[in-house]
Protein chains: 2
Amino acid sequence: MRYSYQRELIKDIVRSSKTHPNAEWVFCEAKKKVENISLGTVYRNLKILENTGKIKSIHDDNQVRYDGNIEDHHHLKCVKCGALIDTDIQSNFDRKKIMDDYDFEPNEVKFFILGKCKKHTK
Amino acid sequence: MRYSYQRELIKDIVRSSKTHPNAEWVFCEAKKKVENISLGTVYRNLKILENTGKIKSIHDDNQVRYDGNIEDHHHLKCVKCGALIDTDIQSNFDRKKIMDDYDFEPNEVKFFILGKCKKHTK
DNA sequence: AAATTAAATAGGAATGATTACTATTTACAA
DNA sequence: TTGTAAATAGTAATCATTCCTATTTAATTT
Ligand SMILES: [Mn+2]
Ligand SMILES: [Mn+2]
Ligand SMILES: [Zn+2]
Ligand SMILES: [Zn+2]
């Protein structure tokens, strides 16, 4: 993999963000440093960074969002403002029961907890 | 809400399916009964049926799939063939811990268990 | 320090899922 | 029956994302 200033920039933007941004937001941030960077470059590098384990992606309804926190973790999602909040909540499921009851070999759980974040408590 | 043959048909197609189909599949099925039904009509009515609680929708990566099973339930998702399998697995999370630790008011959990269905066991 | 080469880019076109628009059709009530 | 507004078919538009390609650039070789 050849060095690319754009790719390093995109990685740093995602890694230092806490909002789980989408490609468009990353693009706008990147333009502050490379004024003529193209959106295609952002998408291509986000995918490369994901495939090489440098960042993670989250499918949030009809959009892809990116996460600079590559630790295994889950999220709270605010239904009011769309915020995604990192948690250390563990998912515990009964592997054997799933295999027995459904003839299915599980190996990962994805979940979000939907609700309201503190911004909306009156 | 005025009666519409197309809407009843779309409802019956989703209700009787077990595959959690997308709009395109529902459209193809519907054409077997109403040859010139339009895709827009399918999308519009799927949304109406969802909003009136007659069916549910599931965001599966970048596509919306529909579910005729309106009971509260979760799914196993096969990473090999994309199959979604209904389960009666319950999500148990500690509501109080979430409120205390994250200042977040949870009210629903969405999860999938990813893995391989029986079709891929050698 | 040039010349070489293939990877990466910018910019724009294409795609695919979904939604919006609009003239026509249809359910249903007066 | 006739009047009406809701629903439809057909099509155009939108939005996120991917694809294409001429040009630029990082890295290797002279
Ligand atoms: Mn996260
Ligand atoms: Mn289901
Ligand atoms: Zn919020
Ligand atoms: Zn499968």
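What you see below is based on every heavy atom in this structure, not just the backbone, and it leaves out hydrogens, waters and symmetry mates. Every chain is numbered from 1, with letters handed out A, B, ... down the list of sequences.
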Other hydrophobic cluster members with A/I48, side-chain heavy atoms of Ile/Leu/Val/Met/Phe/Trp/Tyr under 4.5 Å, chained? A/M1

For B/D86, the salt bridge (charged side-chain N to carboxylate O under 4.0 Å, His left out) test, sequence neighbours excluded, returns none

Looking at residues at least two apart in the chain, or sitting in another chain, which of them share a salt bridge (charged side-chain N to carboxylate O under 4.0 Å, His left out) with B/K119? none

Contact list for residues 102-111 of chain B, test side-chain hydrogen bond (donor to acceptor under 3.5 Å, both in side chains), sequence neighbours left out: A/D88-B/Y102

Flag the pair B/I10 / B/L46 as yes when at least one side-chain heavy-atom distance between them is below 4.5 Å, and no otherwise. yes

When you measure from every atom of DNA chain D, which of residues 7-18 of chain B have a heavy atom less than 4.0 Å away? B/R7

Pairs touching residues 11-25 of chain B that satisfy salt bridge (charged side-chain N to carboxylate O under 4.0 Å, His left out), sequence neighbours left out: B/E8-B/K11

Return each pair, listed once, that meets salt bridge (charged side-chain N to carboxylate O under 4.0 Å, His left out) where at least one residue sits in residues 37-55 of chain B; pairs must be two or more places apart or across chains. none

Take the protein atom [atom1] of [X] and the nucleotide atom [atom2] of [N], then report the distance between them rounded to whole Å.
X: B/D61; N: C/dT18; atom1: CG; atom2: P; value: 13 Å
X: B/E35; N: D/dT8; atom1: CD; atom2: P; value: 15 Å
X: B/N45; N: D/dA6; atom1: CG; atom2: P; value: 15 Å
X: A/K31; N: C/dA10; atom1: NZ; atom2: C1'; value: 12 Å
X: A/F27; N: C/dG11; atom1: CZ; atom2: C1'; value: 10 Å
X: B/L46; N: C/dA17; atom1: CG; atom2: P; value: 15 Å
X: A/N36; N: C/dA10; atom1: CG; atom2: P; value: 6 Å

N/O (side chain, B/Q6) to phosphate O (OP1/OP2, D/dA9) under 4.0 Å: yes

According to a 4.5 Å side-chain heavy-atom criterion applied to Ile, Leu, Val, Met, Phe, Trp and Tyr, with indirect links allowed, do A/L84 and A/V14 form part of one hydrophobic cluster? no

side-chain hydrogen bond (donor to acceptor under 3.5 Å, both in side chains) involving [X] - partner list, sequence neighbours excluded:
X: B/D67; value: B/H20, B/H73, B/H75
X: A/S38; value: A/T41
X: B/D100; value: B/K96

Nearest-nucleotide check on DNA chain C, A/Y5 vs B/Y5; residue mapping nearer the 5' end is A/Y5

Summary of protein contacts for nucleotides 11-21 of chain D, nucleotide by nucleotide, where a base hit scores B, a sugar-phosphate-only hit scores S (4.0 Å, heavy atoms): -----SBB---

Short heteroatom pairs, N/O only, protein and nucleotides 27-30 of chain D, under 3.5 Å:
residue : atom : partner : partner atom : Å
D/dA27  : OP1  : A/Y3    : N            : 3.1

